[in-house]
Amino acid sequence: MRLLLMSDTHLPKRAKQLPEPLLEEIPRADVVVHAGDWVDTDTLDLLESRSRRLLAVYGNNDGAALRARLPEVARAELGGLRLGVVHETGAAQGREKRCAARFPDLDVLVFGHSHIPWDTTAPTGLRLLNPGSPTDRRRQPHCTYMTAAITGGRLSEVDFHRLPPR
């Protein structure tokens, strides 16, 4: 099972549209994951129409229209893997311990908010992934998104993808 992970798209404030390399990944993915801060409903409509399956949450910059359509936390069992999505996890310091306590029922937690690509594992085995942002790199050298695979109930082939400058 192939996953496409993104967060913090902030359209149309940070970019007019999603980058073409990211859009080209959508039909290759069995599940598209978005960890919030969409800002507009058009992007949600686009991903819903193009994705085989969308697992998504709202973020702190998302208004009432998005909050009416999306949960704060999403969970799914995908190929034997227990995956969760949330926008905010708090400060980087202590994140692994805090998230492991909050989400003891998950194998993988995808989050956003910071725009900082992140891949760590808590002592409990919970894997924490932040795909960064495909449209707003902030202080990062590149805009990013992630792809991954689920094989035999395990996460594999986790890759960060750098996007060319706009």
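Everything quoted here is computed from the prediction, not taken from an experiment.
- With sequence neighbours excluded, the residues that form a salt bridge (Lys or Arg N to Asp or Glu O under 4.0 Å) with Arg52 are Asp30.
- Tested against Pro134 for a side-chain contact (heavy atoms from CB on, under 4.5 Å), the candidates Thr9, Leu11, Asp8 yield a single pass: Thr9.
- Sequence neighbours left out, the pairs with a member in residues 68-77 that pass salt bridge (charged side-chain N to carboxylate O under 4.0 Å, His left out) are Asp45-Arg69, Glu48-Arg69, Arg75-Asp105.
- For Thr43, the side-chain hydrogen bond (donor to acceptor under 3.5 Å, both in side chains) partners at least two apart in sequence or on another chain are Asp40.
- Here the shortest heavy-atom pairing between Ala122 and Ala100 reads CB-CB, 4.0 Å.
- Atom CZ of residue Phe103 and atom OG1 of residue Thr124 lie 12.0 Å apart, to the nearest 0.5 angstrom.
- Of all heavy-atom pairs spanning Ala29 and Leu4, the tightest one is CB-CB, 3.8 Å.
- Hydrophobic clustering (ILVMFWY, side-chain heavy atoms < 4.5 Å, transitive): Leu109 and Trp118 are in one cluster.
- We find the CG-SG distance between Asp136 and Cys143 to be 6.5 Å, quoted to the nearest 0.5 Å.
- Leu128 and Glu96 make their closest contact through CD1-CG, 3.5 Å (heavy atoms, listed as atom of the first residue, atom of the second, distance).
- Among all heavy-atom pairs drawn from Ser7 and Gly112, the shortest one is OG-CA, 3.3 Å.
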What do the steps show when you test Phe111 against Glu88 for side chain to side chain contact (heavy atoms under 4.5 Å, CB included), and what is the final call? CA-CA 6 Å; Phe111 68 98; Glu88 293 187 60; over 6 Å; no
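- Within the 4.5 Å cutoff, the side chain of Val33 has no heavy atoms near those of the Arg53 side chain.
- Both Phe160 and Val110 are members of a single hydrophobic cluster when ILVMFWY side chains are connected at heavy-atom separations under 4.5 Å.
- For the ring pair (Phe, Tyr, Trp, His ring centres under 6.0 Å) condition, the pairs that include at least one residue of residues 65-97, sequence neighbours left out, are His87-His113.
- Annotation: Arg2, atom CZ; neighbour count of heavy atoms from other residues, nucleotides and ligands within 6.0 Å is above 12.
- Residues passing the side-chain hydrogen bond (donor to acceptor under 3.5 Å, both in side chains) test with Asp42, sequence neighbours excluded: none.
- When all heavy atoms of Val32 and Ser51 are compared, the pair lying nearest together is CG2-OG, 3.3 Å.
- Partners of His161 by side-chain hydrogen bond (donor to acceptor under 3.5 Å, both in side chains), not counting sequence neighbours, listed by chain and number: Thr147.
- A donor-acceptor pair is defined here as one N or O able to donate and one able to accept, closer than 3.5 Å; no such pair exists between the side chain of Thr121 and the backbone of Arg127.
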After noting the C-alpha distance and the side-chain angles of Arg102 and Val73, does the key distance pass the side chain to side chain contact (heavy atoms under 4.5 Å, CB included) rule? CA-CA 11 Å; Arg102 183 176 174 196; Val73 177; 3.8 Å; yes
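- Applying the ring pair (Phe, Tyr, Trp, His ring centres under 6.0 Å) rule to pairs touching residues 31-54 yields His34-Trp38, sequence neighbours excluded.
- Not a single salt bridge (Lys or Arg N to Asp or Glu O under 4.0 Å) links Arg137 to another residue, sequence neighbours left out.
- Val158 and Leu5 fall within a single hydrophobic cluster, where Ile, Leu, Val, Met, Phe, Trp and Tyr are joined by side-chain heavy atoms under 4.5 Å apart, directly or via other members.
- Through side-chain heavy atoms spaced under 4.5 Å, either directly or across other Ile, Leu, Val, Met, Phe, Trp or Tyr residues, Val39 is tied to no other residue.
- For the pair Val108/Leu126, no side-chain contact is recorded, criterion being any heavy-atom separation below 4.5 Å from C-beta on.
- Distance check: Leu18 CG to Leu23 CG gives 5.0 Å after rounding to the nearest 0.5 Å.
- Linking Ile, Leu, Val, Met, Phe, Trp and Tyr residues whenever their side-chain heavy atoms come within less than 4.5 Å places Leu81 and Met146 in a single cluster.
- Of the possible polar contacts, one joining the Arg95 side chain to the Gly90 backbone as a donor-acceptor pair under 3.5 Å is found.
- Sorted by first then second residue, the ring pair (Phe, Tyr, Trp, His ring centres under 6.0 Å) pairs that include residues 1-25, not counting sequence neighbours, are His10-His115.
- Remark: Arg98 engages no residue in a salt bridge (Lys or Arg N to Asp or Glu O under 4.0 Å) (not counting sequence neighbours).
- Looking at Arg154 and Asp107, no side-chain N of the basic residue comes within less than 4.0 Å of a carboxylate O on the acidic one, giving no salt bridge.
- Both Val31 and Val57 are members of a single hydrophobic cluster when ILVMFWY side chains are connected at heavy-atom separations under 4.5 Å.
- Contact detail for Leu163 and Leu22: the closest heavy-atom pair is CD2-N, 4.5 Å.
- With rounding to the nearest 0.5 Å, the separation of CG in Leu155 from CG in Leu129 is 6.0 Å.
- In this structure, a donor-acceptor pair under 3.5 Å is present between the side chains of Asn130 and Ser114.
- Note on residues 58-82: no pairs pass ring pair (Phe, Tyr, Trp, His ring centres under 6.0 Å), not counting sequence neighbours.
- Rounded to the nearest 0.5 angstrom, Ile116 CD1 and Arg139 CZ are separated by 6.0 Å.
- In this structure, the side chain of Ser133 engages the main chain of Thr135 through a donor-acceptor pair within 3.5 Å.
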